[in-house]
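Notes follow the structure.
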Amino acid sequence: MRRSTLTLGGGLLAASLALLPVAQADPAEQLAETLTVNGQSMPVERVRETPLEGFFEVRLESGETFYSNAEGSHFLVGDLYENGENGLVNLTEQGRNAERSGRLAAVPESERVVFRGPGEPRATLMVFTDTTCPYCRQLHEEVPRLNELGIEVHYLAFPRSGLGSPGGRELQQVWCADNPAEAMSAAKREEALSAAADCDNPVEEQYHLGMELGVQGTPAIVLPDGRLVPGYVPAERLAAMLGLNE
C-alpha cells in the first residue's frame with residue numbers, strides 16, 4: 001500500500017505540473033528574431049511596444065524605423081502621432097530626440113570644441129559644424145552673445161562635402177591644433193591653419209554620427225532635449241527656444 005501511495009502522489013504531481021502555464025515568448029523579442037523580408041533576416045537593432053495595440057516600433061541597424069504587427073506580415077512607414085488633449089504629438093520624433101540626446105551626451109567633452117562663458121552655464125547646445133559653411137560662420141559670430149546668455153556651444157565635426165573635402169581636412173586641422181577653439185575661430189575667419197591633419201581625431205566618427213542622427217547639412221543645432229534645428233538661428237531666438245530669459 002505504501003508503494004502504491006507514492007506512485008499515486010507522483011502521478012498527481014506530474015498532472016499538476018502539466019497544468020502550469022507555459023511561459024510565453026516576449027512578442028517584441030520574438031519579432032526581432034523572426035522578422036524577414038523576401039526570405040532574408042532583417043538587421044534589427046531593437047523592437048519595442050507602441051501605444052498602438054498590436055504594433056511594434058522596429059529600428060534597423062541602418063537607423064531606419066518603421067512599425068510592424070507582431071507577425072511581421074504588415075508594415076507601416078512614417079511617424080506615429082498621439083491625438084491628445086493638447087493636439088497632435090509626434091511620438092516617433094520624441095523617440096528620435098531622446099536617442100539623439102543620449103548619443104550626443106556619450107561623446108566625451110575632450111572630443112568636442114567648446115565655447116563657454118565665465119559663469120555657470122544655463123544650457124548647452126551641440127552643433128554639427130563645417131568651417132567652410134557660410135551659415136556656420138554666421139552662427140559662430142553669435143557665439144559670444146550665446147555665452148553671455150549662459151549658453152555653451154559644443155561643436156562636433158560634420159564636413160558637408162565629405163571626409164575627403166577641403167572642409168574635411170580643415171576640420172581635422174582644427175581638432176589637431178594645440179588650441180582647437182582658437183583654430184575653429186581662425187578657420188571660420190577664413191584664415192589658413194598651420195596644424196597638421198594627421199593626428200588621432202574624431203572627425204570621421206562624428207561625421208558618421210551626424211548622419212545617423214539625421215544631420216543633412218550645417219549648421220545642425222541640437223537642443224538639450226534632442227530636438228534638431230537645421231540652419232542658422234540668431235542667439236536671441238535660440239535663447240527663446242531654450243526658455244531662457246536674461
Side-chain angles (χ1 to χ4, degrees), residues 20-107 125-130 133 135 156-165 168 202-231 233 241-242:
L20 290 175
V22 178
Q24 295 289 325
D26 180 83
E29 293 180 3
Q30 187 170 2
L31 180 61
E33 294 173 359
T34 61
L35 187 62
T36 60
V37 173
N38 293 330
Q40 300 293 319
S41 295
M42 298 291 283
V44 175
E45 180 179 302
R46 70 159 187 261
V47 176
R48 61 186 180 189
E49 294 183 354
T50 73
L52 191 62
E53 185 177 355
F55 270 78
F56 298 83
E57 181 187 86
V58 179
R59 179 182 172 87
L60 302 181
E61 292 175 359
S62 63
E64 296 175 275
T65 299
F66 59 93
Y67 299 91
S68 171
N69 64 345
E71 294 76 26
S73 60
H74 292 80
F75 297 159
L76 289 174
V77 179
D79 287 1
L80 179 64
Y81 287 81
E82 178 184 8
N83 187 12
E85 294 181 358
N86 297 319
L88 295 177
V89 177
N90 189 329
L91 300 179
T92 304
E93 186 60 26
Q94 282 187 345
R96 292 193 197 105
N97 292 344
E99 179 186 3
R100 199 177 286 126
S101 177
R103 293 191 66 183
L104 290 179
V107 176
L125 295 177
M126 303 284 277
V127 182
F128 286 91
T129 193
D130 181 342
C133 159
Y135 288 109
L156 301 176
F158 192 86
R160 59 200 173 112
S161 298
L163 291 166
S165 66
V203 171
E204 180 176 359
E205 183 180 351
Q206 292 180 5
Y207 175 65
H208 290 301
L209 174 63
M211 289 194 293
E212 291 170 12
L213 297 183
V215 175
Q216 298 180 341
T218 54
I221 304 166
V222 183
L223 305 183
D225 63 2
R227 282 178 292 163
L228 178 62
V229 182
V233 181
M241 293 173 72
L242 292 167

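Counting only distance, with no hydrogens or angles, the side chain of Asp26 and the backbone of Ala28 share a donor-acceptor pair below 3.5 Å. Judged by distance alone, with hydrogens and angles left aside, the side-chain atoms of Ser101 form a donor-acceptor pair with the main-chain N or O of Pro224 at under 3.5 Å. One N or O on the side chain of Thr92 and one on the backbone of Leu80 form a donor-acceptor pair closer than 3.5 Å. Side chain of Gln206 to main chain of Ala157: a donor-acceptor pair is present (N/O by atom type, distance under 3.5 Å, no hydrogens or angles). In terms of modelled atom types and a separation under 3.5 Å, the side chain of Thr36 and the main chain of Gly39 share no donor-acceptor contact. For the pair Asp130 (side chain) and Arg160 (backbone), a donor-acceptor distance under 3.5 Å is present.
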*asked:* side chain to side chain contact (heavy atoms under 4.5 Å, CB included), that's the test. Do Leu91 and Thr50 meet it? Break it down for me.
replied: CA-CA 9 Å; Leu91 300 179; Thr50 73; over 6 Å; no
*Going through the distances and angles, do Val44 and Leu60 end up as a side chain to side chain contact (heavy atoms under 4.5 Å, CB included)?*
CA-CA 4 Å; Val44 175; Leu60 302 181; 4.2 Å; yes
_Pair Arg227, Glu93 - check salt bridge (charged side-chain N to carboxylate O under 4.0 Å, His left out), show working._
CA-CA 9 Å; Arg227 282 178 292 163; Glu93 186 60 26; over 6 Å; no
*Decide side chain to side chain contact (heavy atoms under 4.5 Å, CB included) for Arg100 and Val215; before the verdict, give the C-alpha distance in whole Å, the side-chain angles of both, and the deciding distance to 0.1 Å.*
CA-CA 11 Å; Arg100 199 177 286 126; Val215 175; over 6 Å; no
_Walk me through whether Arg96 and Thr65 qualify under side chain to side chain contact (heavy atoms under 4.5 Å, CB included)._
CA-CA 10 Å; Arg96 292 193 197 105; Thr65 299; 5.9 Å; no
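Between Phe128 and Phe158, the ring-plane angle classifies as perpendicular under the 30° and 60° cut-offs.
Between Met126 and Leu104, the shortest heavy-atom distance links the atoms CE-O, 3.7 Å. When all heavy atoms are compared, the tightest approach of Leu209 to Val107 is CD2-CG2, 3.8 Å. When all heavy atoms of Tyr67 and Gly78 are compared, the closest pair comes out as CE1-O, 3.3 Å.
Distance check: Arg46 CZ to Arg59 CZ gives 5.5 Å after rounding to the nearest 0.5 Å. Atom CD of Glu61 sits about 11.0 Å away from atom CD of Glu212, to the nearest 0.5 Å. Glu57 contributes atom CD, which lies 10.0 Å from atom CZ of Phe66 (distance to the nearest 0.5 angstrom). Here Leu156 contributes atom CG and Thr129 contributes atom OG1; the two are 9.5 Å apart, rounded to the nearest 0.5 Å.
The side-chain heavy atoms of Val47 and Leu35, taken from C-beta on, include no pair separated by under 4.5 Å. No side-chain heavy atom of Val222 sits less than 4.5 Å from a side-chain heavy atom of Val127. Two residues are said to be in side-chain contact when any heavy atoms from C-beta on lie closer than 4.5 Å; Leu223 and Asn97 fail this criterion. Two residues are said to be in side-chain contact when any heavy atoms from C-beta on lie closer than 4.5 Å; Ser68 and Phe56 fail this criterion.
In the displayed structure, His74 atom NE2 is contacted under 6.0 Å by at most 12 heavy atoms of other residues, nucleotides or ligands. Remark: Tyr135 OH is loosely packed, at most 12 non-hydrogen atoms of other residues, nucleotides or ligands lying under 6.0 Å away. Heavy atoms from other residues, nucleotides or ligands lying under 6.0 Å from CD of Gln216 number 12 at most. Annotation for Glu49: atom CD does not count as buried by contact number, only 12 or fewer foreign heavy atoms lying within 6.0 Å.
One side chain, Glu71 or Asn69, offers a donor N or O that lies under 3.5 Å from an acceptor on the other. A donor atom on one side chain and an acceptor atom on the other are found under 3.5 Å apart for Asp79 and Asn90.
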